[in-house]
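Encoded as structure tokens, the structure appears first; notes follow it.
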Amino acid sequence: MENFRFHVTTDIRFGKDRLDELPDVLNQFGKRVLVVYGGGSIKRNGLYDQVMSQLAKNDNEVFELSGVDPNPRIETVEQGAELCRKEKIDVILAVGGGSVIDCSKAIAGGTYASGDLWEMVTKRAYLGQAVPLVTILTLAATGSEMNRGSVISNLKTKQKLGFGGPNFLPKVSFLDPTNTYSVNAYQTAAGSADIFSHLMENYFDLTPGTEVEDGIAEGLMRAVIKNVPVALDTPNDYDARANLMWASSLALNGLTGASKAGTWSCHAMEHELSAFYDITHGVGIAILTPRWMAHVLNERTTPKLARYAKEVWGVQEAVPELAARMGIQKLTDYFVACGIPMTLPEVGITDETNFEAMAEQAVASSAIATKAFEPLTKEDVVAIYQACMTPTTYL
């Protein structure tokens, strides 16, 4: 186990009917509030009106930035940062899923950053001042409500990069599972695939002596497996939505990965898919993950993959390699049962034209060639992309 620091100070307000606490929360920071949200779903489900009612009763000066894209753009960050500077915003209120929160984090830092804000992103670490951030979560997926990270896209340069900093950590996050009742089946499944991937990316690491983190990750994965089908069949099942929402936060707040020295593989590859083709992140992750697992299956990695199959999926096969392949197949079958497309052509990627460039960027923008569970070259990444073009079985 590596040395680590775990200091996650987000004040989590979990549960239903807690928005009457919002005024007191915002008053800690000031009266001038920038409300950031996406394409309008919060207006359709009534959450927008609830929030605005609280802000009106509290005599807040409210400014709005709407239209945040599912893969948030640097242009939106620039627009929000300019608005914060112009209107002397005291606090940002992000109402939405991970994309809205990620965009808001970048806005919070961009308000104080100088120069080209894309350079702020490409530096990958932001250590400067940021506008305080409060979130109201509407989608269980990214864990952004309880971490310091942000992922921003630049369609001009075909880049999607993660960056972060200590002052990006939300001050307070409202996690009300009822706000996810209106999330459709496709987005529920895609978000859950992202939660699962966060756990797997931390889990598949060769740092020794990480029994605590691995045990927590296995338990969270089992919770996701159990509750996604319930949420898909009964969208307003409170306990299923609550378990997915809390799993989202715990999967990526450092709890399951802080003591590990490795790096993530599938996210680096998927960010290139999203950058080049603007697909749904969770779906891209689901397509890539089983192919990556099969590609890196070898004598050194088999024991961990076999443990995953046993502890997460209940596989009792005694032959480690066969057990590992059974685990990969069970994950694939599970994603299919959740209605997630499992090939790239199903999401509109029908040729391999950009695979070389995507693979080159994936290796250049991450440490997957040196610090991954199994190091990946550009050729490895291309092979994994190619494997995603057709349906695959692993037994």
Side-chain angles (χ1 to χ4, degrees), residues 8 68-74 76-77 94 97-110 113 116-128 130 133 135 141-155 157-170 190-191 193-202 204-205 248-249 251-254 256-258 260-282 284-285 288-289 292 358-373 376 381:
V8 183
V68 175
D69 292 296
N71 291 308
R73 315 282 198 261
I74 187 61
T76 311
V77 174
S99 296
V100 169
I101 299 172
D102 281 8
C103 188
S104 297
K105 290 175 180 177
I107 290 169
D116 183 356
L117 293 190
W118 184 241
E119 291 184 6
M120 173 186 72
V121 176
T122 60
K123 290 177 181 177
R124 312 304 291 275
Y126 178 77
L127 302 179
L133 174 63
T135 82
T142 69
S144 295
E145 65 277 3
M146 201 180 180
N147 66 41
R148 299 166 173 81
S150 171
V151 180
I152 301 299
S153 295
N154 187 331
L155 298 187
T157 62
K158 294 189 181 299
Q159 289 176 287
K160 179 178 177 180
L161 297 176
F163 80 121
N167 290 321
F168 286 172
L169 185 68
D194 198 21
I195 299 170
F196 211 89
S197 179
H198 295 157
L199 293 164
M200 292 182 70
E201 296 269 41
N202 283 330
F204 288 111
D205 181 282
S248 166
S249 302
L252 197 53
N253 70 348
T256 66
K260 299 191 175 188
T263 195
W264 292 12
S265 298
C266 292
H267 274 69
M269 292 185 287
E270 199 290 321
H271 284 175
E272 301 308 321
L273 285 175
S274 295
F276 276 74
Y277 297 102
D278 199 26
I279 66 172
T280 300
H281 171 66
I285 282 290
L288 281 164
T289 299
W292 167 77
M358 290 159 54
E360 187 170 347
Q361 283 196 178
V363 172
S365 63
S366 70
I368 60 174
T370 56
K371 294 184 178 181
F373 179 59
L376 300 175
V381 177

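Values in this document were obtained by computation on a predicted structure and should not be read as measured data.
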Mind running side chain to side chain contact (heavy atoms under 4.5 Å, CB included) on V363 and L376 for me, showing each step along the way?
CA-CA 8 Å; V363 172; L376 300 175; 5.7 Å; no

Nearest 0.5 Å please: distance from the OG1 atom of T76 over to the CG atom of L117.
12.0 Å

Pairs touching residues 264-276 that satisfy salt bridge (charged side-chain N to carboxylate O under 4.0 Å, His left out), sequence neighbours left out
K160-E270

Minimal heavy-atom distance between L127 and P166, with the atoms involved, is CD2-CD, 4.0 Å

Side-chain donor-acceptor contact under 3.5 Å, T135 with E145:
no

Side chain to side chain contact (heavy atoms under 4.5 Å, CB included) for V381 and E360? Distances and angles first, verdict last.
CA-CA 8 Å; V381 177; E360 187 170 347; over 6 Å; no

Closest approach of P170 to N147 (non-hydrogen atoms, all atoms of both residues)
CD-O, 3.4 Å

Sidechain-backbone polar pair: S249 side chain, G143 backbone, donor-acceptor under 3.5 Å
no

Partners passing side-chain hydrogen bond (donor to acceptor under 3.5 Å, both in side chains) against H198 (at least two apart in sequence or in another chain):
D194, H267

Take Y126 and K105 through the test side chain to side chain contact (heavy atoms under 4.5 Å, CB included) and record every step on the way to the result.
CA-CA 11 Å; Y126 178 77; K105 290 175 180 177; over 6 Å; no

Would you check if H271 and L161 make a side-chain contact, meaning some heavy-atom pair closer than 4.5 Å?
no

Less than 4.5 Å apart, any side-chain heavy atom of V77 and any of V121?
no

Contact summary for A275 and L155, nearest pair of heavy atoms:
O-CD2, 4.1 Å

Can you sort out the partners of R73 under salt bridge (Lys or Arg N to Asp or Glu O under 4.0 Å), two or more places apart, ordered by chain and number?
D69, D278

Would you call the rings of F204 and W292 parallel, tilted or perpendicular if under 30° counts as parallel and over 60° as perpendicular?
perpendicular

Looking at V100, is its backbone amide N or carbonyl O close enough to the side chain of S104 to form a donor-acceptor pair, meaning the two atoms are under 3.5 Å apart?
yes

State, with a plain yes or no, whether a side-chain heavy atom of L252 is found less than 4.5 Å away from one of T142.
no

S99 meets the side-chain hydrogen bond (donor to acceptor under 3.5 Å, both in side chains) criterion, sequence neighbours left out, with none

Any residue meeting side-chain hydrogen bond (donor to acceptor under 3.5 Å, both in side chains) with T256, in chain and number order, not counting sequence neighbours:
N202

Please check if the side chain of N167 supplies one atom and the backbone of G128 the other of a donor-acceptor pair under 3.5 Å.
yes

Taking only residues two or more places apart in sequence, or in another chain, which ones meet S366 in a side-chain contact (heavy atoms from CB on, under 4.5 Å)?
A268, I368

Holding to side-chain contact (heavy atoms from CB on, under 4.5 Å), I want the full list of residues that pass it with A258, two or more places apart in sequence or in another chain.
F4

Residues at least two apart in sequence or cross-chain that pass side-chain contact (heavy atoms from CB on, under 4.5 Å) with N154, listed by chain then number, are I74, W118, K156, T157

State which residues pass ring pair (Phe, Tyr, Trp, His ring centres under 6.0 Å) with F163; sequence neighbours excluded, sorted by chain then number.
F168

For A364, side-chain contact (heavy atoms from CB on, under 4.5 Å) partners two or more places apart:
none

Measure the spacing between CD1 of I152 and CG of N71 and express it to the nearest 0.5 Å.
9.5 Å

Sequence-distant partners of D102, side-chain hydrogen bond (donor to acceptor under 3.5 Å, both in side chains), two or more places apart
S144

Tightest non-hydrogen contact, residues S274 and I279, listed as OG-O, 3.6 Å

Under the salt bridge (Lys or Arg N to Asp or Glu O under 4.0 Å) test, residues paired with E201 that sit two or more places apart:
none

Minimal non-hydrogen separation, T289 against S197, with atom names:
OG1-OG, 4.5 Å

Nearest 0.5 Å, what's the OG-NZ distance between S265 and K371?
13.0 Å

Can any side-chain N or O of Q159 pair as donor or acceptor with the backbone N or O of T122 at less than 3.5 Å?
no

